[in-house]
Structure formats: C-alpha cells, structure tokens
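Chain letters run A, B, ... following the sequence lines, proteins first and then strands; every chain starts at 1.
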Amino acid sequence: MKIKRSKGEKTFQVFNYAFLSLIIVVCFYPVWYVAMASFSNSNLLTQHSGLLFAPTGFSTDAYKKVFQNPMITKGYMNTLFILIVGVIFDLFMTSLGAYFLSRKRVMFKKPIMMFIVFTMFFSGGMIPFYINLKDLHLTNTLWGLIIPFMINTSNLIILRTAFESIPESLIEAAQIDGAGHFRILSTIVLPLSKAMLAVMVLYYGVSIWNSWFWASAILRNREMYPLQIILREILLSNDTSSMTAGSSAMDTEAIGMTIKYATIMVATIPILCVYPFLQKYFTKGTMVGAVKE
Amino acid sequence: MKEKNVRNTLGYRMKRDWIRNRSLYILVLPVLIFYILFHYKPMYGAIIAFKDYTPTLGVSGSPWVGVANFTRFFKSVYFGRLIKNTVLLSVYSLIFGFPAPIILALLLNEVRSKHFKNVTQTITYLPHFISLIVVTGMLTDFSMTAGLFNDIIAFFGGERSPLLQNPDLYRTMYVASGIWQQVGWGSIIYLSALAGVDQQLYEAASIDGAGKWKQLIHVTLPGIAPTIIIMLIMRVGQLMSMGYEKTILLYNPSTYDTADIISSYIYRVGLMEQDWSYSTAVGLFNSVINFCLLILTNKISRKFSETSLW
C-alpha cells in the first residue's frame with residue numbers, strides 16, 4: 001500500500017533529517033577536533049583559532065612523545081591486566097548468579113533475588129566501602145580494582161533474562177542424562193547466549209577501561225596507575241612535563257597541547273573500534289522492567 | 001491425612017528443596033559471599049555514622065556518639081548549599097536530560113532510510129563510550145580563554161572568558177555535557193519500546209483520519225508510556241543521588257558555590273580530610289533519603305498507573 005504524504009509531512013521529513021544531521025555533527029565533531037589537533041603541528045595549533053577540519057601542518061611528533069612516555073605504556077599494561085583478568089572474573093561470577101536466578105522451582109530464589117536487588121537501591125556509601133576495602137587488604141593492589149567490582153547487578157539481571165529465554169526442555173534433557181548444573185551452564189547455557197555474553201564483555205570492558213575513581217582512591221604506588229589516572233594527570237592537571245623535557249619554554253607549552261590530544265586518542269581509540277560491531281545487540285541489553293519477577 | 005501434613009511442613013519442603021537443588025545452591029554461594037562482603041558489610045560498616053571511628057579501634061570497637069555526626073551536618077554552614085546544589089543540578093538534569101532521548105527516539109523512528117538511521121545511532125552512541133576523564137578533559141580544554149568554545153563565542157562577537165571558572169555557567173556546562181554524552185545511549189530503550197508498538201494501531205488511526213501528530217499523541221506516546229514511567233521513577237528516585245565522579249573532575253574552588261554537591265562533599269571530607277564518621281553520616285543521610293524517594297515515587301506511580309518498579 002502506498003501512503004500518500006501530505007505537504008506538512010514532507011516538511012517534517014526535511015526538518016527531521018536536517019535536525020538529526022545536526023545532532024550527528026554535534027556528537028561527532030569534538031572527537032574529530034581532537035583527532036585533527038593531535039596530528040597538527042604544535043606551533044601552528046596554538047596560533048590557530050576556531051574550528052578545525054584538517055590538521056594544521058601535519059605532524060606525528062605528539063604520538064612519538066606519547067609512546068616514548070614510560071608512564072603511558074605502564075598505564076596501558078596495568079589497564080590491560082585489570083581488563084583481561086577483570087572481565088574473566090566478572091563473566092564467571094555474573095554467569096553463576098544469572099544461572100541460579102534463571103532456574104525454576106527453587107525455593108530460595110525469590111529471597112536471594114531480593115537480597116541482590118536491594119543493593120541497587122540502598123548502599124552503605126563511599127566511606128564505609130573504602131574502609132571495608134582497607135580492612136580486607138584490598139588497597140594499594142590492582143586486585144582491589146577487580147574483586148570488589150566483579151558483579152554489576154544490572155548486568156546480572158540482563159544476563160538472567162537472557163538465560164531465562166533458553167528452552168527449559170534442553171536443560172531438563174541434560175539433567176536426565178545426568179549432567180550437573182555447572183556442566184549445563186558451561187556446555188548448554190553459555191554457548192547459547194554468546195550474543196549476550198559479547199554484550200557483557202563490552203559493558204564490563206568499557207566500565208573497567210574508563211574507570212578511575214577507585215584507582216585514585218586506593219592506589220598509592222605510581223607504578224600501579226591505570227591509564228585513566230595518567231590521563232587525568234595529563235588532561236586536568238596539565239602535567240605534560242614528563243614528555244616535554246628538553247624543549248624550550250614556549251615549545252613546551254605548544255607541544256603540551258598536541259600531546260594532550262594524542263593521549264586522548266591513544267586512550268579512546270580501542271573502545272571506539274569495538275562498540276559499532278556489537279550495536280545490533282544493544283537493544284537486547286536494556287533492562288527495563290526486568291527487575292520484576 | 002497424616003502424611004499430607006508432614007509434606008506441607010516448612011522443614012520437609014526445605015529438605016526436599018535441598019536434595020533437589022543442592023548443587024545449585026553451592027553454585028550460587030560465591031555470588032552470595034560477594035554480595036555480603038562488598039555490599040552488606042559496608043552497609044553494616046555505615047554504623048560508624050553513630051560512632052567516633054578511628055582506624056586503630058575498628059568499626060565495632062569505636063565508641064558510640066549517638067547522632068552527634070548528623071546534628072553537626074544539619075548545623076553546618078554547608079548544609080543548605082549542598083542540598084540546594086544537589087537538588088538543582090538534579091532537577092535541571094531531569095528537566096532537560098530526561099526528554100532528550102525520548103525526542104531523539106521519536107525522531108529516529110520517523111526516519112525511513114535504514115542506513116541513515118543506523119549511522120545516526122552509531123554516532124550518537126559514541127560519546128557514551130568516551131571516558132569521563134576524557135569528556136571533562138575536553139570540556140576543560142574547550143572552555144579555556146583560548147579554547148574552542150571561546151573561539152566560537154568570539155566569532156559571534158562575544159567576550160572571551162574562562163567558562164569553567166564561572167559559577168553561573170557551571171550547571172549549564174554540567175547538564176549540557178551530560179546530555180551530549182548520554183542522549184544517544186538513552187534513546188536505545190525508547191527505540192526498542194517504539195518497535196514494540198502494534199503497527200495495526202497506526203493503520204487503524206490513519207483510516208480514522210488521524211494525521212502524524214494525532215498518531216503521536218494517541219498511539220505512539222501511550223504505547224511507550226510504561227517505559228517512560230519506569231525510567232521516570234528511576235530518575236526521580238535518584239534525585240538526591242547525583243554522582244561524585246563528574247563533579248570531582250569538573251569543579252574547582254571558584255565554582256563550589258554552585259558545583260559542590262552532597263557526594264562531592266562526602267569525598268572531600270571523607271577521603272581527603274579523613275573525617276570518617278562525619279562523612280559516613282552525611283552519606284547515610286543521603287542514602288536514606290534516596291531510598292525513601294524511590295519507594296515514594298514507586299508508590300505514586302502504582303496508584304496512578306499500572307506501572308511500577310516492583
């Protein structure tokens with residue numbers, strides 16, 4: 001059936017495309033600006049004013065300085081360690097919880113669900129959490145950034161919903177064949193939930209990659225700093241001195257700018273490369289109304 | 001008869017459940033330990049709000065002081081300012097930030113080109129994946145006197161100024177950058193709700209002579225209302241729980257007047273000045289208010305519509 005479009009509707013369509021294009025520009029331009037600035041010649045960049053559509057005087061000096069900085073490479077390694085170990089732990093624990101909550105005819109499922117969901121609505125607060133980490137000797141170690149954050153309750157509920165959609169008959173058949181729950185989880189439930197697990201890897205991965213607060217609160221040893229803390233020093237405290245040594249004062253300030261932008265790119269690109277591939281699964285990963293039994 | 005009674009006792013049912021599901025309970029044990037250790041233990045630890053906590057004496061060994069920490073907060077010169085800043089920042093974020101993803105989803109829903117829709121989605125999701133450190137870093141950089149925002153202001157004939165040093169502009173910057181970062185990601189949920197609206201309703205409405213606008217009012221909005229209500233309950237329930245991370249990165253002493261909120265205050269007096277018990281009391285006060293707000297909004301919503309969180 002062909003729908004006749006009125007004049008008002010056509011105007012709306014034009015307006016709609018124009019408006020959405022504007023949103024695209026607003027969302028994308030800051031990132032583009034940073035990318036272009038990072039490849040610019042530092043002296044030309046400081047003289048430049050206004051929008052930037054291409055690098056002013058192409059140069060990769062900033063990236064060379066960034067990759068020569070031992071703190072950044074060290075930070076990268078620390079972040080990668082937390083990321084890899086953390087995501088494995090997170091997935092393991094979240095799957096255990098989600099599998100339990102997705103089973104039927106379990107007497108204490110409801111109270112345990114309430115026990116878990118309650119933590120979404122009430123917490124002891126930042127300070128008791130910190131004191132608890134201290135008491136458990138989880139400060140000043142990278143494990144303190146992994147173990148206390150193994151389960152994110154909303155992720156747990158999303159994964160539970162995914163597990164619930166697996167046909168009960170498959171699981172019953174395996175039980176009749178004598179398979180235990182751990183076996184069913186690892187050979188039936190997890191392989192059938194690959195798409196959701198990929199989303200979980202992304203969610204947990206992004207939150208670990210971008211997290212900084214607890215690292216700044218519990219780590220005293222600079223050697224352990226993850227990438228975001230190094231970034232914070234460079235971006236917000238304007239501290240590029242470790243990379244600009246040997247330049248004159250004015251050059252130092254100028255190259256400091258491009259180094260900032262190059263650092264942003266280095267720390268952001270890995271994530272921006274991953275998420276578009278998982279985009280089609282995002283709708284499944286939203287959790288509205290899922291808390292309800 | 002007798003046997004039936006035995007089968008119905010709690011003890012018997014628990015025993016049967018244990019035989020049937022024993023391995024399942026063992027499986028979930030690490031999860032329970034995790035929640036006890038990292039959620040419920042800190043909740044217990046919050047009792048130091050009523051104590052004079054010193055690390056050497058520990059949580060249970062420190063002496064009780066009653067509600068002294070709470071009265072200190074209520075009498076503090078910062079009390080009024082903190083409440084006001086927290087509520088205002090929250091309300092502005094709600095007023096401007098809540099409708100934004102709904103509007104974006106409605107507009108995207110009208111786009112006929114699948115390709116354009118996909119590209120718009122991918123690009124509007126992008127800021128969500130950028131770390132807070134980078135977002136606030138870019139914001140700080142663009143707001144400097146020689147920065148991009150000032151270049152644009154100067155282009156239109158305005159006066160250059162350090163924007164982030166200005167307390168009057170702080171809330172605008174905070175809310176606007178928040179919308180920039182979350183509008184695309186927030187629209188996902190409404191897009192999936194929109195996809196669930198029965199297409200036959202649109203056909204019926206257009207046969208009845210309803211134009212696009214009427215269809216929006218009578219078909220689309222009622223169709224996604226449950227989603228909107230749930231999201232609204234959660235947002236209103238979090239009215240007093242503004243996060244500290246962005247504030248800590250964005251504020252500075254010259255903007256404390258409008259920028260300092262309860263959670264950033266807790267961070268300063270708690271972690272920086274190590275005033276453990278007092279900051280815990282402030283945090284507990286805040287948690288209790290949040291919890292009450294959530295229960296209240298949920299109740300109200302249950303009364304006036306079919307939708308509620310639980």
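- Side-chain atoms of Gln228(A) never come within 3.5 Å of backbone atoms of Leu132(B) as a donor-acceptor pair (strictly under, hydrogens ignored).
- A distance-only check finds no donor-acceptor pair linking the side chain of Asn132(A) to the backbone of Phe38(B) [under 3.5 Å].
- In plain terms, the two heavy atoms of His181(A) and Ser23(B) that are nearest each other are CD2-OG, 3.0 Å.
- Only the side chain of Val34(A) has a heavy atom closer than 4.5 Å to any heavy atom of chain B.
- A donor-acceptor pair is defined here as one N or O able to donate and one able to accept, closer than 3.5 Å; no such pair exists between the side chain of Tyr275(A) and the backbone of Tyr125(B).
- Minimum interatomic distance between Leu27(B) and Leu96(A) (heavy atoms only, all atoms of both residues): O-CD1, 3.5 Å.
- Counting only heavy atoms from C-beta outward, the side chains of Phe129(B) and Leu202(A) approach each other to under 4.5 Å.
- In this structure, the side chain of Trp212(A) does not engage the main chain of Glu245(B) through any donor-acceptor pair within 3.5 Å.
- The two residues Ile151(A) and Tyr35(B) have their closest heavy-atom pair at CG2-OH, 3.3 Å.
- Summarising the local packing, CZ of Phe19(A) is surrounded by 12 or fewer heavy atoms from other residues, nucleotides or ligands at distances under 6.0 Å.
- Residue contact with chain B, scored on non-hydrogen atoms closer than 4.5 Å, involves the side chain of Ile131(A) exclusively.
- Phe118(A) and Tyr40(B) have parallel rings, their planes meeting at less than 30° on a 0 to 90° scale where 60° marks the start of perpendicular.
- Heavy atoms closer than 4.5 Å to chain A are found in both the backbone and the side chain of Asn118(B).
- With respect to the salt-bridge test (charged N to carboxylate O, under 4.0 angstrom), the residues Glu9(A) and Arg112(B) qualify.
- The minimum heavy-atom distance between Gly45(B) and Pro128(A), with the atom names listed, is C-CB, 4.0 Å.
- Put simply, the side chain of Ser287(B) gets close to the backbone of Ser123(A): a donor and an acceptor are under 3.5 Å apart.
- Leu191(B) does not touch chain A: none of its heavy atoms, backbone or side chain, sits under 4.5 Å away.
- For the pair Tyr99(A) (side chain) and Leu24(B) (backbone), a donor-acceptor distance under 3.5 Å is absent.
- Each of Thr124(B), Thr122(B), Leu126(B) was evaluated against Phe28(A); a single residue qualifies, Leu126(B), per the side chain to side chain contact (heavy atoms under 4.5 Å, CB included) test.
- At a threshold of 4.5 Å between non-hydrogen side-chain atoms, the residues Met43(B) and Thr119(A) count as touching.
- For a residue to count as touching a neighbouring chain, one of its non-hydrogen atoms must lie under 4.5 Å from one of that chain's; by this rule Thr136(B) touches chain A with backbone and side chain alike.
- The heavy-atom pair separating Leu271(B) from Ile127(A) by the smallest distance is N-CD1, 3.9 Å.
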What's the verdict on side-chain contact (heavy atoms from CB on, under 4.5 Å) for His39(B) and Phe129(A), showing C-alpha distance, side-chain angles and the deciding distance? CA-CA 8 Å; His39(B) 287 276; Phe129(A) 188 82; over 6 Å; no
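- Taking the ring centroids of Phe34(B) and Phe149(A), they lie at or beyond the 6.0 Å cut-off.
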